[in-house]
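Only one structure is covered here, and it is reproduced in the block below.
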Amino acid sequence: MKSGFGLYDPKGAPRGGLTVRERARLAVLCFGALALLGSLLYLVSSVRGRLAKEGRFQVPGPTSAPALPPRPPLDREVLLRETRDATAAERLDLESGPLGHLLAAVENLPADPFEGAGVGEPDPGAIGKDPARYRGEIFRTRGRVLSIETVASDPSLPCRPEHGRGAIRREGGDLVFFAVLRDSGTSRDDFVRLDGFFWKVFQGTVDGASATAPLFVGKRLVPSVPASDPVRTLDPSILSRVRDETAAEKERIEEEPYYHLLSFARDGGETDFAAAPELDRERLDDLVAAPAAHRGGAYRLFGGLADAFLRYPASENPARLASIDVGWLLNQATGVVRVDAPPAIVPQGLARGDFVWVHGHFLKSHAYAAVGGETVQAPLFVARRVTRYEEPRSGFGRSMAWIAVATTAASGAWFLAVLRRERRQAAEWRAEVFRRYRERGFRSPSPPRAPVEP
């Protein structure tokens, strides 16, 4: 008869320990439990890893926050209360209190250049109809200087410092007056940009004639350039002005061809990038050896972002670009490549380490100062399209997930089957023991009792 728990030896002592077969079964059950636990852990980690990876791509976000100019402390109540421009006589007068308040406020405007996000062009017609509605609002305007003079400070009016006054003929042909806090060396016929607050409708004299126009108060006049038409096709004569032969030339980026190519990237016609070559080591060597021969050429670039695209305010340019997105592409074969793009080209949410395809045009061999201080050379491309690279799923992860599920289900079914078989065998053993006891006329053995002392 098989020995086991619940039975006693002939001396009445309970049998101890497990048989070899019971130990083997227990070991198999432990191994199955460990396999089941490992499968569950692998399945959970796989699902969590995939959800985390896909969630990172689903969270949109700008490449960098737009450079919103901070609003200087401005009391519009003072302007509305003390400014008068309803009649012709009131438009001839420049109230010293509001003018001094505005000249003090423009001192806190950010240093140039700054991206004028939220700063629009003024509408002289709308301002003339309802000047109080726009009083104290900041605007950005460009045009050619018609007149400029310096107004000395008045000791009797300490709130009004020395400043410059004049008039500008805007690109649209209309007239605006201005008052600026600082002299930037501007003279008549210079093309300038003015960022300033609308104050009042003013009546002054321009070239000996009386004129009425909005008056804006700003920090200073910034040298600018007239706007150009959108670039539909690249002009080789403009691109030929790029210089990248010496180290000094490589560190400098010529603005005219640079913004010419950026304007083409934003406004140009379709380019067949499917036929464009992909930048590899051999083509990179060709670019470095003869950059002028490949100027403006279309290329396809692939790599990981060494850093996220960052948005920088653009200097004054004929393309009227307010900002530029700059990124660095890293490829094991080509090294580091600089990629510049106009706004709205780079998709949102790109982060460092993301892989992208770039369709762009080569501009020049560019040299820049690395983090360690040494000068490093990298080709500069202007992107027309930036696409996030989605790695195709090979099915390996899905296969492993199905294997984990199948293993878990099989282990669970096997574990339940083993438990049911053990329970059935235990019941059969107990029935067999009791049957033999009944056949032999024995009662169930009981442990011996201690003798009772007389």
Quiz item: Between F381 and Y299, what is the ring plane arrangement, given parallel below 30°, perpendicular above 60°, and tilted in between?
Solution: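 The rings of F381 and Y299 stand perpendicular, inter-plane angle above 60°.
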Over all atoms of both residues, closest heavy-atom pair of [X] and [Y]:
X	Y	result
V180	H163	O-CB, 3.2 Å
G136	F197	O-CD2, 3.2 Å
V201	I127	CG2-O, 4.4 Å
S153	P161	CB-C, 4.0 Å
A105	L74	CB-CD1, 4.0 Å
A383	V358	CB-CG1, 3.8 Å

Quiz item: Can we call the ring centroids of F177 and F202 under 6.0 Å apart?
Solution: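 Ring centres of F202 and F177 closer than 6.0 Å.
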Quiz item: Taking the six-membered ring for Trp, is the centroid-to-centroid distance between F273 and W357 below 6.0 Å?
Solution: no
Would a 4.5 Å heavy-atom cut-off, applied to side chains only, mark [X] and [Y] as touching?
X	Y	answer
N331	L301	no
L305	R352	no
R241	H260	no
H359	R300	yes
D340	L363	no
R266	L262	no
F198	P122	no
I345	D325	no

Quiz item: Can you list the steps and then say if W199 with H101 is a side-chain contact (heavy atoms from CB on, under 4.5 Å)?
Solution: CA-CA 11 Å; W199 177 24; H101 179 67; over 6 Å; no
Practice problem: Scan H366, K364, R295, Q377 and name whichever one has a side-chain hydrogen bond (donor to acceptor under 3.5 Å, both in side chains) with D244. | Solution: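 Only one of H366, K364, R295, Q377 forms a side-chain hydrogen bond (donor to acceptor under 3.5 Å, both in side chains) with D244, namely R295.
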Self-check item: Among E316, R144, E171, R193, the one residue meeting side-chain hydrogen bond (donor to acceptor under 3.5 Å, both in side chains) with S224
Solution: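 Answer to the side-chain hydrogen bond (donor to acceptor under 3.5 Å, both in side chains) test with S224 among E316, R144, E171, R193: E316.
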Under a 4.0 Å threshold between the charged nitrogen and the carboxylate oxygen, would [Y] count as salt-bridged to [X]?
X	Y	result
R135	D85	yes
E270	R384	no
R84	D93	no
D280	R283	yes

Under 3.5 Å donor-acceptor, [X] side chain and [Y] backbone:
X	Y	answer
E90	A86	yes
S263	A319	no
E137	Y134	no

With a 6.0 Å cut-off (strictly less than), is the heavy-atom count around [atom1] of [X], excluding the residue itself, greater than 12?
X	atom1	result
R133	CZ	no
R385	CZ	no
D229	CG	no

Quiz prompt | Intermediate values then yes/no, side-chain contact (heavy atoms from CB on, under 4.5 Å), F178 and I148 | solution = CA-CA 9 Å; F178 67 85; I148 186 170; 4.1 Å; yes
Return the [atom1] to [atom2] distance between [X] and [Y], rounded to the nearest 0.5 Å.
X	Y	atom1	atom2	answer
F355	L330	CZ	CG	8.5 Å
T141	D195	OG1	CG	9.5 Å
E95	R81	CD	CZ	12.5 Å
L279	F302	CG	CZ	13.0 Å
L80	R76	CG	CZ	5.0 Å
E251	T246	CD	OG1	8.5 Å

Quiz prompt | Derivation and outcome, side-chain contact (heavy atoms from CB on, under 4.5 Å), residues N317 and E255 | solution = CA-CA 8 Å; N317 60 87; E255 289 194 353; over 6 Å; no
Quiz item: Checking side-chain contact (heavy atoms from CB on, under 4.5 Å) for the pair V326/I324: CA distance, chi angles, key distance, verdict?
Solution: CA-CA 6 Å; V326 179; I324 301 170; 4.3 Å; yes
Practice problem: Check the side chains of T212 and R91 for a donor-acceptor pair under 3.5 angstrom, ignoring hydrogens and angles. | Solution: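 Side-chain D/A pair, R91 to T212: absent.
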